[in-house]
Structure formats: structure tokens, C-alpha cells
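The structure appears below as C-alpha cells.
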Number of protein chains: 2
Amino acid sequence: MEAVGNLSRKEQVIRKAAELFREKGYAASSMRDLAQMLGIEAASLYSHIKSKEEILQSLCFDMASEFRKSLQEVEKQGGDASQKLRNGIIGHIQVMAKDLIASAVFMNEHRHLSQPYLRDFLLLRINYINRFKDIIEEGMEKGEFKKNIDKKLAVMTLFSSLNWMPQWYDPKSNIVPTELGEQLADMLVNGLKK
Amino acid sequence: MEAVGNLSRKEQVIRKAAELFREKGYAASSMRDLAQMLGIEAASLYSHIKSKEEILQSLCFDMASEFRKSLQEVEKQGGDASQKLRNGIIGHIQVMAKDLIASAVFMNEHRHLSQPYLRDFLLLRINYINRFKDIIEEGMEKGEFKKNIDKKLAVMTLFSSLNWMPQWYDPKSNIVPTELGEQLADMLVNGLKK
DNA sequence: GGCGAAAATGAATTTTGGTTCGATTAAGGA
DNA sequence: TCCTTAATCGAACCAAAATTCATTTTCGCC
């Protein structure tokens with residue numbers, strides 16, 4: 001068993017699977033495809049993982065856990081609503097930037113989880129979203145944010161913007177994740193207008 | 001052939017397929033599932049359509065055509081950048097609102113198009129996006145918009161927000177598509193902050 | 001050098017998928 | 001009533017998919 005430092009074989013399998021899932025989608029990805037990417041036979045995969053779905057579960061729940069930790073940190077720090085929102089956005093972006101591939105899978109493929117994993121996943125997600133919603137509501141009540149924008153619209157727009165980042169962001173571009181988060185926060189909070 | 005007024009059988013098939021594709025994704029949707037939703041056998045589908053992918057093609061390219069028409073209208077109307085951007089957003093939202101289901105499929109499943117359809121589709125899309133990008137650039141040059149926001153980030157944030165709408169918008173809610181478009185435009189142009 | 005665990009294999013199983021085909025039914029117009 | 005055409009069906013085909021299993025191969029370590 002070749003362990004730490006380099007990736008364990010299981011981790012290698014999961015990483016390659018993430019690449020495959022992101023490119024073709026979970027349902028359209030076959031275990032034979034995956035095996036080929038690793039230079040082995042499909043049957044060999046099962047020495048490392050229990051099933052195709054187990055891979056998806058790892059990817060989704062590991063990301064969910066990172067997001068949760070990030071938000072918890074933000075809440076601990078405190079500040080006014082603008083500040084917390086801003087920090088939340090930056091944190092979210094940073095978590096995604098740490099693994100863009102897994103983030104894309106997390107976002108687009110989680111629906112292929114079977115029960116009861118799907119249910120659990122959606123609960124985690126709604127909880128996460130609601131905590132952002134609370135921040136926005138707080139900002140509205142305290143007069144920091146406009147009150148005339150629909151709350152659901154505001155939160156969903158926020159998450160749409162955040163969650164699509166893995167699809168277009170190029171880590172080799174000259175804009176670095178932290179700055180990306182800053183700019184995104186600025187754009188959503190202050191708008192495009194001068 | 002039962003034609004206009006009600007939907008032709010082919011159109012019925014395509015509509016039901018859109019529902020199915022949205023729910024389970026294209027790759028995870030089987031022709032037998034689709035047939036069952038229509039109360040017929042899988043073989044019967046092929047009296048109306050040539051293949052599973054033909055359905056996806058219809059859905060994707062019909063939506064693309066609607067988007068193109070909408071943007072053309074906006075460009076014809078003119079105005080300054082804020083105004084054009086605003087109109088473009090509202091138009092985009094209205095096109096989606098006319099068929100939320102097809103919009104969701106358009107957004108999430110187009111990648112399953114085979115060549116050369118995929119290439120054609122992506123060309124249409126990049127053209128559409130670039131025309132929005134031009135509007136934003138214009139606004140930056142003329143001093144309407146901030147110059148310190150990355151252009152790609154701005155455009156992509158815009159499209160993320162727009163394109164996710166079909167996933168959370170409930171047409172039975174009290175907010176109507178036009179107003180949704182207005183608020184979304186306001187939020188992106190002016191921001192959340194008071 | 002050889003032991004044991006990890007990794008990989010090939011063959012086989014079972015299920016499901018898209019699609020074809022020839023035949024049958026249903027219905028509307030001449 | 002007969003003819004045409006659309007719509008449907010049942011059976012079958014073939015390819016591909018996930019997974020199992022018994023069997024090797026590989027390889028670090030004593």
C-alpha cells in the first residue's frame with residue numbers, strides 16, 4: 001500500500017473519476033472509460049472502490065464538508081452583514097479553487113446520488129444556503145442592503161454566480177482566486193455601476 | 001395527423017422528453033422511461049422521432065433560436081449600455097420563462113449533443129455571450145460601469161445568474177417573470193447595497 | 001529468496017439501453 | 001365500405017454497462 005505524500009491508489013482513482021465525470025457527466029461515464037484513463041482494466045477498479053456511486057459520494061460529501069467548514073469560520077469571525085457576506089463569498093470561492101474539478105462534479109452531478117445519500121446531501125445544501133440567506137436578511141433588516149429585492153432571488157443569484165465559477169475559471173489566468181472572490185463579492189454587493 | 005391548436009404527437013413526445021431530461025439528465029433517461037410517461041411502448045416513439053438525440057437537438061436549437069431573436073431585438077432598440085444590458089437581461093429571462101423546462105435542458109444537457117451539432121451549438125452560444133460582453137465593455141469604456149472588474153468575470157457572473165433561474169424559479173410564486181428580470185438586472189447593475 | 005498484502009486480470013453474468021422490423025390497429029375521407 | 005396513413009405494438013437484436021470471482025502478478029519487506 002503506497003500511502004501518504006503521494007496519493008493512495010484509491011485517491012488516484014477518485015481524482016481521475018472526477019475528471020471523467022466533469023467532462024462527460026456521471027451517467028455518461030463508464031467504468032471502462034475510467035479504467036482506461038488509469039491504464040488498467042475495469043475489473044481492477046473494484047480492488048479500490050466498492051462501486052461507481054461510492055466515488056460520487058466521496059466527491060460530493062467531501063466538498064460539502066469543506067464548504068461547511070469555511071462558512072463556520074466566517075460566522076465565527078462576525079462583522080456586519082456586508083462583511084460576512086463578503087467573507088462567505090471569498091471562502092466559498094477559495095474552497096472551490098482548491099479543487100475545481102471536484103467542485104464542478106459536486107455542482108452538476110450530485111443529483112445522481114441514490115437515496116438516502118441524495119436526501120442527506122440536499123439537506124446539507126439547503127442548510128448552507130439558508131445560512132447565507134440569513135446573512136442577507138440581516139443586511140436588509142439593518143438597512144445595509146436594499147429591501148426591495150426578493151430574498152430568494154438574491155440568494156439564488158448569489159449561488160448561481162458562485163457555483164458556475166468552476167466551469168469557466170481558468171487557474172492559469174492572471175486573476176488569482178482570492179482576487180476573484182473579492183471582485184465577485186464587490187460586483188454582487190455594489191453592482192457593476194460606477 | 002392531428003395538427004395545430006393541440007400539439008402534434010411529435011411535439012408531445014418532445015415536451016415529455018424535456019421533462020424527463022430535466023429530471024434525470026439526458027444520459028440517465030431511457031427511451032423506455034419516456035415511452036412509459038406517454039403511455040406507449042418504446043418502439044412507438046420511433047414513428048415520431050428519428051433518435052433520442054434528435055429530441056435533444058430540437059430542444060437545444062429551438063431555445064438557441066429564441067435567445068438569438070430576443071437579443072437582436074434588444075440591439076435594434078439601442079440605448080446606453082445600462083439600458084441595453086438591462087433589456088438584454090429581461091429579454092433572456094422572458095425567453096426562459098416561456099419554457100422553463102426546455103431552458104433547463106438547454107442549459108444542462110447540451111453537452112450530450114454529438115458532433116457536429118455540439119460545435120454548432122457552442123458557436124451560437126459564444127456569439128451570444130460575446131454580444132453581451134460587448135455591451136459591458138461599452139459601458140466600461142463610456143464610464144457607465146466600473147473599470148476595475150474583470151470583464152470575463154462580469155459576463156460569466158451575469159450568465160450564471162441568468163441560466164440558473166430555471167432551476168429555482170417557481171412560476172406559481174408571486175413574482176412574475178418580468179419583475180424577476182427587472183430585479184435581477186437591478187441587482188447585477190446596482191448591487192445589493194443601498 | 002520468499003512471504004503476504006495489494007493490485008491487476010480475464011472471463012463471465014446479468015441488466016439495460018437504443019433501435020429495427022414486420023405486422024396490427026384506428027380513424028377519417030372518398 | 002374501402003383505402004390510406006398515422007400510430008402502435010411485440011419481439012428481437014446488438015452493444016454496452018456495472019459488477020463478481022477465482023486466479024495471477026507485482027512488489028516491498030524480513
Side-chain angles (χ1 to χ4, degrees), chain A residues 1-60 105 109-115 117-118, chain B residues 1-60 105 109-115 117-118:
Chain A
M1 177 188 58
E2 191 45 57
V4 268
N6 287 355
L7 300 169
S8 76
R9 201 71 176 115
K10 178 170 183 173
E11 281 163 334
Q12 288 176 36
V13 168
I14 292 178
R15 281 193 99 71
K16 270 273 182 275
E19 289 177 34
L20 181 61
F21 293 171
R22 185 190 55 167
E23 254 187 57
K24 320 218 314 187
Y26 177 78
S29 298
S30 79
M31 297 302 270
R32 287 172 177 82
D33 290 341
L34 177 55
Q36 198 177 4
M37 290 174 70
L38 290 156
I40 59 179
E41 294 300 312
S44 312
L45 293 168
Y46 291 86
S47 299
H48 310 288
I49 49 116
K50 283 213 314 286
S51 66
K52 183 185 176 185
E53 198 190 312
E54 190 207 31
I55 301 176
L56 185 61
Q57 287 162 15
S58 291
L59 290 167
C60 289
V105 173
E109 310 301 333
H110 68 255
R111 67 165 146 182
H112 294 107
L113 289 170
S114 65
Q115 299 292 6
Y117 301 97
L118 180 56
Chain B
M1 176 188 56
E2 191 46 55
V4 265
N6 286 356
L7 300 169
S8 74
R9 201 74 175 112
K10 177 168 184 175
E11 281 163 334
Q12 288 176 35
V13 169
I14 293 178
R15 281 194 100 69
K16 271 273 182 275
E19 289 176 36
L20 182 61
F21 293 170
R22 185 191 55 168
E23 254 186 57
K24 321 220 311 188
Y26 176 78
S29 298
S30 80
M31 296 302 270
R32 286 174 175 83
D33 290 340
L34 176 54
Q36 197 176 6
M37 290 174 72
L38 290 157
I40 60 180
E41 293 300 312
S44 311
L45 293 170
Y46 290 86
S47 300
H48 310 290
I49 48 115
K50 285 212 313 284
S51 67
K52 184 184 177 187
E53 199 191 310
E54 189 206 31
I55 301 176
L56 185 61
Q57 289 161 14
S58 291
L59 290 167
C60 289
V105 173
E109 310 301 333
H110 69 255
R111 66 165 145 182
H112 294 108
L113 289 170
S114 64
Q115 300 293 6
Y117 301 97
L118 180 58

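Every chain is numbered from 1 and lettered A, B, ... according to where its sequence line falls, protein lines coming before strand lines.
- Protein atom CD of A:Glu53 is 12 Å distant from nucleotide atom P of D:dA18, rounded to whole Å.
- When the nucleotides C:dT19, C:dT9, D:dT20 are ranked by their closest atom to the side chain of A:Tyr46, D:dT20 comes out on top.
- Contact annotation: the side chain of B:Leu38 approaches that of B:Arg9 to within less than 4.5 Å [non-hydrogen atoms, C-beta and beyond].
- The backbone N or O of B:Glu53 sits nowhere less than 3.5 Å from a side-chain atom of B:Tyr117 that would complete a donor-acceptor pair.
- In this structure, the CD1 atom of A:Ile55 is 11 Å from the C1' atom of D:dA18, given to the nearest Å.
- For DNA chain D, the neighbouring residues in residues 24-43 of chain A, judged by any heavy atom under 4.0 Å, are A:Ser29, A:Ser30, A:Met31, A:Arg32, A:Ala43.
- Between A:Lys24 atom NZ and A:Ser30 atom OG the span is 6.5 Å, to the nearest 0.5 Å.
- When rounded to the nearest whole Å, the span between CG of A:Leu56 and P of D:dA18 equals 13 Å.
- Here D:dA17 presents its P atom at 11 Å from CG of A:Leu20, a figure rounded to the nearest Å.
- Between B:His112 atom NE2 and C:dG18 atom C1' there is a gap of 15 Å when expressed in whole angstrom units.
- The phosphate of D:dA6 has neither OP1 nor OP2 within less than 4.0 Å of any side-chain N or O from B:His48.
- Between A:Glu11 and A:Lys16 there is no salt bridge, since no side-chain nitrogen of the basic residue lies less than 4.0 Å from a carboxylate oxygen of the acidic one.
- Figure legend: cation-pi geometry between B:Lys52 and B:Tyr46 absent, as NZ or CZ is not positioned both under 6.0 Å from the six-membered ring centre and within 45° of its axis.
- Taking side-chain N and O atoms only, B:Ser44 has a distance below 4.0 Å to OP1 or OP2 of D:dC9.
- Residues B:Lys10 and B:Glu54 have side chains in contact (heavy-atom distance under 4.5 Å, counting atoms from C-beta outward).
- Distance NZ (B:Lys52) to C1' (C:dG17): 8 Å, rounded to an integer number of Å.
- Across the protein-nucleic acid pair, B:Gln12 atom CD and D:dA6 atom P stand 16 Å apart, rounded to whole Å.
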